[in-house]
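Source: prediction; values computed, not measured.
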Amino acid sequence: MTISVIQGLPRWTLAVPPLAFVVLLVTWHRDLGTFLLILVCLGLGAAVIAAVHHAEVVAHRVGEPFGTLILALAVTIIEVALIVTLMASGGEKAASLARDTVFAAVMITCNGILGLSLVVGSLRHRVQEFRVQASYSALTVMTALVTLSLVLPTFTTSAPGPRFSSAQLAFAGVTSLVMYGVFVFIQTIRHRDYFLPVRPDGEVDEDEDHHAAAPSGPTALLSLGLLFVCLIAVVGLAKTVSPRLESAVESAGAPLAVVGVVIALLVLLPETVAAVRAALRNRLQTSVNLALGSALASIGLTIPAIAVASIWLSGPLVLGLDGKEVVLFALTVVTALLTLATGRATLLQGAVHLAVFSAFLFLAVSP
């Protein structure tokens with residue numbers, strides 16, 4: 001059985017996860033010189049590519065939308081662990097790290113990943129189809145979660161600054177978890193057909209990868225294990241690079257919020273690559289599932305985890321967005337509503353999303 005499992009996967013996909021993990025162990029809590037910095041960057045890039053491959057193997061085995069859900073959940077769980085770890089060691093300096101990272105994840109997924117998928121897919125296929133029911137339901141939940149968790153703290157008066165009181169934070173955490181749980185139930189059970197890819201003729205494609213034989217159970221299990229190893233390596237190597245990143249940000253005179261943006265960019269690399277590859281295969285529904293599903297998982301799991309972690313975290317917890325970020329979020333929601341209204345994607349829609357994403361990146365560096 002071991003031989004058949006190994007034969008079901010390319011050799012490089014078996015070698016990269018343990019090698020990336022070894023790089024993580026070698027460089028953990030060490031000052032990175034030039035050689036180690038290059039090694040970490042190479043390990044990070046290789047782990048991202050391997051993670052995408054193993055995620056696609058698992059997705060092919062279990063089918064959609066479970067495959068994209070697995071990748072989104074895996075990335076988000078490890079992202080939450082990274083945020084909590086950095087906040088525990090950062091003190092007041094990391095008070096807004098959770099907010100910055102979660103908001104960056106929302107902007108990256110809803111504008112960066114979605115926009116890039118629309119552009120790449122439209123360049124190859126001109127016009128692509130997706131399910132309006134799925135995209136609108138995901139966008140509705142995402143809008144409510146961001147508003148309740150990241151916008152409202154700016155306007156509450158129970159705690160000083162853009163913060164929730166303990167009771168408000170508990171309510172936001174429970175609400176986020178419940179809403180995300182309901183969305184997952186709708187996505188995977190009650191209305192699973194809404195999230196399945198559509199063929200060029202507009203009909204639902206029950207078997208996204210009907211042209212290729214599904215991997216065996218042992219192969220899928222091995223890929224699932226290697227996927228988690230890759231994701232741990234990606235997040236760990238991103239954390240290893242973060243001190244050099246913070247030094248570079250401070251030297252450039254940029255705000256520390258840039259660190260949260262870069263962390264989110266690194267952690268979301270596997271989902272970005274997977275979404276773009278799906279768009280190139282004319283499976284835009286998978287790309288939309290990944291983009292919006294990742295945004296939902298980021299908020300729906302991070303806020304409850306931070307609410308629980310705040311019990312022993314000594315520093316303050318700043319969740320409220322400032323005026324500039326609220327405007328960018330509102331623009332993102334309006335743009336996404338207009339993009340997703342027709343169920344058909346073109347190059348222009350993707351370009352608009354990338355323009356909003358570029359504005360987010362520019363204003364993060366130059367507020």
Side-chain angles (χ1 to χ4, degrees), residues 79-80 82-84 86-87 90-112 115 139 142-166 168-169 171-173 175-176 242 245-246 248-250 252-265 267-268 294-296 298-300 302-307 309-310 313 315-337 352-367:
E79 177 188 354
V80 168
L82 176 59
I83 292 174
V84 173
L86 292 177
M87 289 187 67
E92 293 189 8
K93 186 178 179 182
S96 63
L97 180 63
R99 177 200 67 186
D100 296 335
T101 306
V102 170
F103 182 67
V106 171
M107 299 302 291
I108 292 168
T109 53
C110 295
N111 288 311
L139 183 62
M142 188 273 295
T143 304
L145 286 180
V146 174
T147 303
L148 292 174
S149 302
L150 301 182
V151 176
L152 276 183
T154 304
F155 302 97
T156 56
T157 58
S158 299
R163 297 166 56 189
F164 273 145
S165 66
S166 298
Q168 291 168 342
L169 181 60
F171 174 80
T175 302
S176 298
S242 63
L245 175 62
E246 291 178 0
V249 168
E250 292 178 354
L256 287 177
V258 174
V259 176
V261 175
V262 176
I263 289 175
L265 284 169
V267 172
L268 288 169
S294 298
L296 287 172
S298 181
I299 308 168
T302 300
I303 300 302
I306 295 300
S310 65
L313 289 175
L317 178 60
V318 175
L319 287 177
L321 300 174
D322 59 26
K324 171 197 66 181
E325 293 165 335
V326 171
V327 170
L328 284 173
F329 173 65
L331 178 60
T332 297
V333 171
V334 172
T335 303
L337 282 172
V352 172
H353 279 279
L354 289 182
V356 176
F357 181 60
S358 300
F360 163 71
L361 292 179
F362 175 75
L363 292 174
V365 176
S366 180

For the pair Thr156 (side chain) and Arg163 (backbone), establish whether a donor and an acceptor sit closer than 3.5 Å, ignoring hydrogens and angles. yes

Verify, without hydrogens or angle tests, whether Thr154 (side chain) and Leu321 (backbone) share a donor-acceptor contact under 3.5 angstrom. yes

Can you confirm whether the side chains of Ser176 and Ser149 place a donor and an acceptor under 3.5 Å from each other? yes

Between Asp100 and Glu325, what is the shortest heavy-atom contact and its length? OD1-OE2, 4.5 Å

Rounded to the nearest 0.5 angstrom, the CZ-CG distance for Phe171 and Leu148 is 6.5 Å

Hey, does the side chain of Thr175 reach the backbone of Ala172 with a donor-acceptor pair shorter than 3.5 angstrom? no

For Lys324 and Leu363, work out which heavy atoms get closest and say how close. NZ-O, 3.4 Å

Verify side chain to side chain contact (heavy atoms under 4.5 Å, CB included) between Ser298 and Thr109, making sure each step is shown before the conclusion. CA-CA 10 Å; Ser298 181; Thr109 53; over 6 Å; no

Side chain to side chain, Met107 and Val356, heavy atoms closer than 4.5 Å: yes

Nearest heavy-atom neighbours spanning Val333 and Leu139: O-CD2, 4.3 Å

About how many Å separate CD1 of Ile299 and CG of Leu296, when rounded to the nearest 0.5 Å? 6.5 Å

Let me confirm one number: the CD1-CZ distance from Ile306 to Phe164, rounded to the nearest 0.5 Å. 13.5 Å

Give the minimum heavy-atom separation between Leu354 and Asn111, together with the two atoms involved. CD2-O, 4.0 Å

Does the Thr332 side chain pair with the main chain of Leu328, one donor and one acceptor, at a distance under 3.5 Å? yes

Any donor-acceptor pair under 3.5 Å linking the side chain of Ser366 with the backbone of Phe362? no

Atom pair CD1/CG of Ile303 and Leu169 - distance to nearest 0.5 Å: 8.0 Å

Which heavy atom of Met142 sits nearest a heavy atom of Cys110, and at what distance? CE-SG, 3.6 Å

Gap between atom OG1 of Thr101 and atom CD1 of Ile108 - 0.5 Å precision: 9.0 Å

